[in-house]
Amino acid sequence: MDLLSAMSTASSGMSAQRFRMNIIAANIANAQTTRTPEGGPYRRRDVIFGALPPQRTFEEELRAQADPYEPLHAKVLGVAIDQRPPVLRYDPSHPDANEDGYVAMPNINPMEEVVNMMLASRSYEANVAAFNATKNMALKALEIGRA
Amino acid sequence: MHACPPDATPYPAGEDAPMRSIFDQTLLLLSRSLDFRAKRNALLASNVANLETPGYKAKDLVFEEALGDALRAEQPGPLEVTNPRHFDGRQTLPLALVKPQVILTSNPVGNLDENSVDLEKEMAKLGENQVVYQAYTQMVAHKFAELRMSIREGEF
């Protein structure tokens, strides 16, 4: 049913944006982290979005072959590590300072993270709106047979 | 009466389907419109969900014109028919067979990541689609209310 599939499409967008929000929160939380399990300072992470057809049962797959139109779900394909080099900050008293007194700090720009956070939150809201629109349509359709 | 070729028309020409008089063209048109609006809603939801997916192309569904053509498909075509098997020169599909068409939405202000979703446009379309869908459901409900009224001989 198209209305139900539209709801799951909207929820795919919501969960993708929520995942992105987690990553942004991790970036902000680790803005000062100089030690990580893989060594060196924390490196900024970014999500990669992809548009994929929804997971389907065999029957739905057969039906989809006959149906040329296809709404695509938004999915997180992976998390990319930002390749920008760490920022060197002069702080000789820091335990992780090198012999010249410089500390390699994570290359995280709080402004950038906040802007991404706002984008993620707006996109999430847009998906909520799409979900509600679909829900209202489905509820309205249920009223057809009512006396 | 000549035997009709097994075509996909729900009401073969020359044969009077008994329910045709009650469940007329209007109800079929409304149900097809509701179907297409629901499909369109699914596509628009997918556009919104993929607002930030690189390379995603916004899509839309068009069907109003095809439905309008299908309404005229009941009328005789330009060629004269003296036998039910004759082709009357009509190019249109009957209402029950009309297919919507998926188009790519153009976005002149393209994004750098080849994504063509314009959020404001999509939200406006979602809203419009929702309102028109609700209007159609009300029309269907009224249609059934009319039937109910005539079945109960005017008592509502």
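Naming convention: chains lettered A, B, ... in sequence-line order (proteins, then strands); numbering from 1 in each chain. No hydrogens, no waters, no symmetry mates; every other heavy atom, side chains included, goes into these values. This structure is a prediction, so every number in the text was calculated from the model and none was measured.
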Single-linkage hydrophobic cluster, 4.5 Å side-chain cutoff, [X] and [Y] together:
X	Y	answer
B/V117	B/L43	no
B/L29	B/V98	yes
B/V102	B/Y56	no
A/V115	A/I23	no
A/V76	A/M117	no

Straight-line distance of [X] [atom1] to [Y] [atom2], nearest 0.5 Å:
X	Y	atom1	atom2	result
B/K39	A/L3	NZ	CG	11.0 Å
B/E52	A/R122	CD	CZ	12.0 Å
A/T134	B/L126	OG1	CG	6.5 Å
B/H142	A/I144	NE2	CD1	11.5 Å

Can you check whether anything in residues 7-21 of chain A gets within less than 4.5 Å of chain B, heavy-atom wise, and list it by number?
->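 When heavy atoms of chain B are the reference, residues 7-21 of chain A contributes A/T9, A/S12, A/G13, A/Q17, A/R20 within the under-4.5 Å range.
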What are the two closest heavy atoms between [X] and [Y], and how far apart are they?
X	Y	result
B/A45	A/A6	CB-O, 3.8 Å
A/M137	B/R37	CE-O, 4.0 Å
B/P54	A/F49	CD-O, 3.5 Å

Any chance CD of B/E65 has more than 12 other-residue heavy atoms, nucleotides or ligands included, within less than 6.0 Å?
->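 Atom CD in B/E65 is not crowded, with 12 or fewer foreign heavy atoms closer than 6.0 Å.
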Heavy-atom pairs under 4.5 Å with chain B, option from A/A130, A/A133, A/A141 with the top count |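 The residue among A/A130, A/A133, A/A141 with the greatest pair count is A/A133.
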Return yes if some donor-acceptor pair links the side-chain N/O of B/S46 with the main-chain N/O of A/L72 below 3.5 Å, else return no.
->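 Between the backbone of A/L72 and the side chain of B/S46 there is a qualifying donor-acceptor contact (under 3.5 Å).
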Heavy-atom contact with chain A under 4.5 Å, split by part of B/L34 =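 Answer is side chain: those atoms of B/L34 sit under 4.5 Å from chain A.
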Side chain, backbone, both or neither of B/Q101 within contact of chain A (heavy atoms, under 4.5 Å) |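 Nothing of B/Q101, per the 4.5 Å heavy-atom cut-off to chain A.
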Name the option with the most non-hydrogen atom pairs under 4.5 Å to chain A; the candidates are B/N50, B/V48, B/D35.
->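 If we count pairs closer than 4.5 Å to chain A, B/N50 comes out on top.
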Closest-packed option against chain A by number of heavy-atom pairs under 4.5 Å, given B/L51, B/N47, B/N41 =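 Looking at each option in turn, the highest pair count goes to B/N41.
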Can you find a side-chain donor-acceptor pair between B/T137 and A/E143 that sits under 3.5 Å?
->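 No, because no side-chain N or O of B/T137 sits under 3.5 Å from a partner of the opposite role on A/E143.
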So which pairs with a foot in residues 91-146 of chain A pass ring pair (Phe, Tyr, Trp, His ring centres under 6.0 Å), sequence neighbours left out?
->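 Counting only pairs at least two positions apart or across chains, the ring pair (Phe, Tyr, Trp, His ring centres under 6.0 Å) contacts touching residues 91-146 of chain A are A/Y90-A/Y102.
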Are B/Q130 and A/K140 close enough that some pair of their side-chain heavy atoms sits under 4.5 Å apart?
->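 The answer is no, as the side chains (C-beta and beyond) never meet within the 4.5 Å cut-off.
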Residues in side chain to side chain donor-acceptor pair (under 3.5 Å) with A/Y42, at least two apart?
->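 Checked A/Y42 against side chain to side chain donor-acceptor pair (under 3.5 Å); matches are A/N27.
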Does A/E59 have any side chain to side chain donor-acceptor pair (under 3.5 Å) partners at least two apart in sequence or in another chain, and if so, which?
->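 Per chain and number, A/E59 pairs via side chain to side chain donor-acceptor pair (under 3.5 Å) with A/R63.
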Give, as side chain, backbone, both or neither, the part of A/L77 having an atom under 4.5 angstrom from any heavy atom of chain B.
->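 For A/L77, there is no contact with chain B at all, as no heavy atom is under 4.5 Å.
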